> 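Quick one: this structure, given as structure tokens, is what I'll be asking you about.
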Amino acid sequence: MSENGKVVSFINMKGGVGKTTLCIGIGEYLANYIGKKILFIDLDPQFNTTQSLINEFDLEDEYLNNYTEEHENKTIKRLFETQTTLVRKVDMPSPDEIIVNLNDKMDLLPGTIDLILVESDKDGTKAKKVKKFIYENNLKDSYDFIFIDCPPTISVYTDAALIASDFYLVPIRIDRYSILGIKLLKQIIDRLDDNEKIGIKPLGIVYTMVKDFTQKTLQLKGTFEKNEIVREIGLFASITSYVNDLLVGLQGNISSKYKKSREDIGAICEEFLERVKSYESE
Ligand SMILES: Nc1ncnc2c1ncn2[C@@H]1O[C@H](COP(=O)(O)OP(=O)(O)OP(=O)(O)O)[C@@H](O)[C@H]1O
Ligand SMILES: [Mg+2]
């Protein structure tokens with residue numbers, strides 16, 4: 001691989017804004033239509049990315065047999081287990097032990113609801129685990145992009161994602177409260193940056209699930225865009241329209257499967273690649 005892979009967090013402190021859908025949608029499109037090699041990391045205890053992808057690749061049985069607490073627990077949780085117990089040292093798992101191959105272009109480091117069982121630590125070691133895993137195993141040489149789906153909560157998992165990432169992308173829905181999740185996110189990034197430089201850069205904000213630009217929506221959008229923080233993060237010109245099939249479609253919630261959302265995701269991917277490139281030439 002000629003260039004260094006990039007790690008991107010899909011994040012917003014607000015729930016239900018389309019983080020997971022955009023993470024899978026962009027990743028799958030870049031893999032299957034543009035030929036990029038992608039690793040998805042599911043850091044959300046709701047593990048929606050994992051559910052969608054194991055469903056798409058018919059891996060449900062395998063997941064139940066291999067990736068749950070009672071079994072081998074081949075999931076991201078293994079990274080967060082305490083390093084030393086009283087009786088034995090728990091080593092960091094190797095990529096082979098926890099990464100699931102989906103096809104020749106896509107891999108998944110599965111999430112699990114068991115993440116809620118992980119105990120927090122005071123010294124911040126756990127928040128560095130994802131970065132450590134990526135760097136110690138040179139994963140940036142194996143993938144063009146590593147996409148992290150984040151939970152909408154302040155937690156060790158959002159910290160871990162931000163510390164590991166080169167970029168963050170913020171999906172938002174246009175509503176009265178759009179700005180709140182972003183303000184909170186910015187506070188978290190600034191706090192992490194104060195503790196130790198993390199070097200994460202904004203790729204931009206993507207408007208999601210846009211129905212149509214009514215007078216009211218345009219007004220909310222206008223107010224939102226007046227915020228300094230929105231200018232700092234930047235705005236994608238491309239948006240995702242509201243596509244009912246992404247909720248109820250027979251082909252699941254993968255954007256490229258439906259005509260309208262495929263057009264949206266194609267345009268977003270083009271802009272995504274340009275934005276990444278513009279940082280490289282800086
Ligand atoms: N463009 C779209 N059109 C219609 N429905 C969508 C679209 N994008 C996402 N959805 C639906 O909206 C819901 C929320 O989306 P998604 O799960 O991607 O958000 P999220 O930000 O990851 O949520 P959470 O904070 O719970 O992790 C899902 O049911 C999803 O299928
Ligand atoms: Mg989600």
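Keep in mind that this is a model prediction, so the values were computed, not measured. First listed ligand is number 1; within each ligand, the first listed atom is number 1.
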> Return the residue, atom name and 0.1 Å-rounded distance of the protein heavy atom closest to atom 17 (O) of ligand 1.
Thr20 CB, 4.0 Å

> What's the shortest distance from atom 19 (O) of ligand 1 to any protein heavy atom, and which residue and atom give it?
Gly18 N, 2.9 Å

> To which protein heavy atom is atom 1 (N) of ligand 1 closest, and what is the distance rounded to 0.1 Å?
Ser241 O, 2.9 Å

> Without hydrogens or angle criteria, can the side chains of Asp123 and Thr125 be said to hold a donor-acceptor pair below 3.5 Å?
yes

> Are any non-hydrogen side-chain atoms of Lys140 and Ile134 less than 4.5 angstrom apart?
yes

> Within ligand 1, which atoms have a heavy atom of Thr21 less than 4.0 Å away?
8 (N), 9 (C), 15 (O), 16 (P), 18 (O), 30 (C)

> Any heavy atom of Pro171 sitting closer than 4.0 Å to ligand 1?
no

> Can you tell if the side chain of Lys36 reaches within under 4.5 Å of the side chain of Leu273, non-hydrogen atoms only?
yes

> Around atom 4 (C) of ligand 1, find the nearest protein heavy atom and jot down its residue, atom name and distance.
Val243 O, 3.1 Å

> Using the side-chain contact (heavy atoms from CB on, under 4.5 Å) rule, pick out the option among Ile38, Leu39, Asp166, Val8 that qualifies with Ile146.
Leu39

> In terms of residue, atom name and distance, what is the protein heavy atom nearest to atom 11 (C) of ligand 1?
Leu247 CD2, 3.6 Å

> Can a donor-acceptor pair be found between the side chains of Ser9 and Ser165 at a distance below 3.5 Å?
yes

> In terms of atom number and element, which parts of ligand 1 are under 4.0 angstrom from non-hydrogen atoms of Pro152?
25 (O)

> Please state whether Leu246 comes within less than 4.0 angstrom of ligand 1, counting heavy atoms only.
yes

> Provide, to 0.1 Å, the distance between atom 24 (P) of ligand 1 and the closest protein heavy atom, together with that atom's residue and name.
Gly16 N, 3.5 Å

> Mark yes or no: Lys221 above the aromatic ring of Phe213, with NZ or CZ under 6.0 Å from the six-membered ring centre and no more than 45 degrees from the axis.
yes

> In the protein, what heavy atom is nearest to atom 26 (O) of ligand 1, and what distance, to one decimal place, separates them?
Gln46 NE2, 3.2 Å

> Could you pull out the N/O/S protein atoms under 2.8 Å of the Mg ion (ligand 2), ignoring any water?
Thr20 OG1

> Has Arg275 got its NZ or CZ under 6.0 Å from the middle of the six-membered ring of Phe236, at an angle within 45 degrees of the ring axis?
yes

> Should Ile26 and Phe145 count as side-chain neighbours, where that means a heavy-atom distance under 4.5 Å?
no

> What are the two closest heavy atoms between Pro151 and Tyr157, and how far apart are they?
CG-CB, 4.1 Å

> Would you call Lys74-Glu97 a salt bridge at under 4.0 Å N-O?
no

> Quick one about Thr21 and Asn253 (side-chain donor to acceptor, distance below 3.5 Å, no hydrogens or angles considered), yes or no?
no

> For Gly15, counting its heavy atoms only, list the atoms of ligand 1 lying under 4.0 Å from any of them.
25 (O)

> Looking at ligand 1, does Val17 have a heavy atom less than 4.0 Å from it?
yes

> Which is it for Asn12 and ligand 1 at heavy atoms under 4.0 Å: side chain, backbone, both or neither?
neither

> Who's closest to atom 2 (C) of ligand 1 heavy-atom-wise, of Lys260, Lys19, Met209?
Met209

> I'd like to know whether the aromatic ring centres of Phe272 and Phe147 sit less than 6.0 Å apart in this structure.
yes

> Which pair of heavy atoms, one from Pro45 and one from Leu43, lies closest together, and at what distance?
CD-O, 3.6 Å

> In terms of atom number and element, which parts of ligand 1 are under 4.0 angstrom from non-hydrogen atoms of Thr240?
1 (N)

> For ligand 1, is any non-hydrogen atom under 4.0 Å from Ser261's backbone (N, CA, C, O), its side chain (CB onward), both, or neither?
neither

> Around atom CD of Glu60, are there more than 12 heavy atoms of other residues, nucleotides or ligands at under 6.0 Å?
yes

> Could you list which atoms of ligand 1 come closer than 4.0 Å to a heavy atom of Asp44?
27 (O)

> Determine yes or no for a side-chain-to-main-chain donor-acceptor pair under 3.5 angstrom, with Thr20 supplying the side chain and Thr49 the backbone.
no

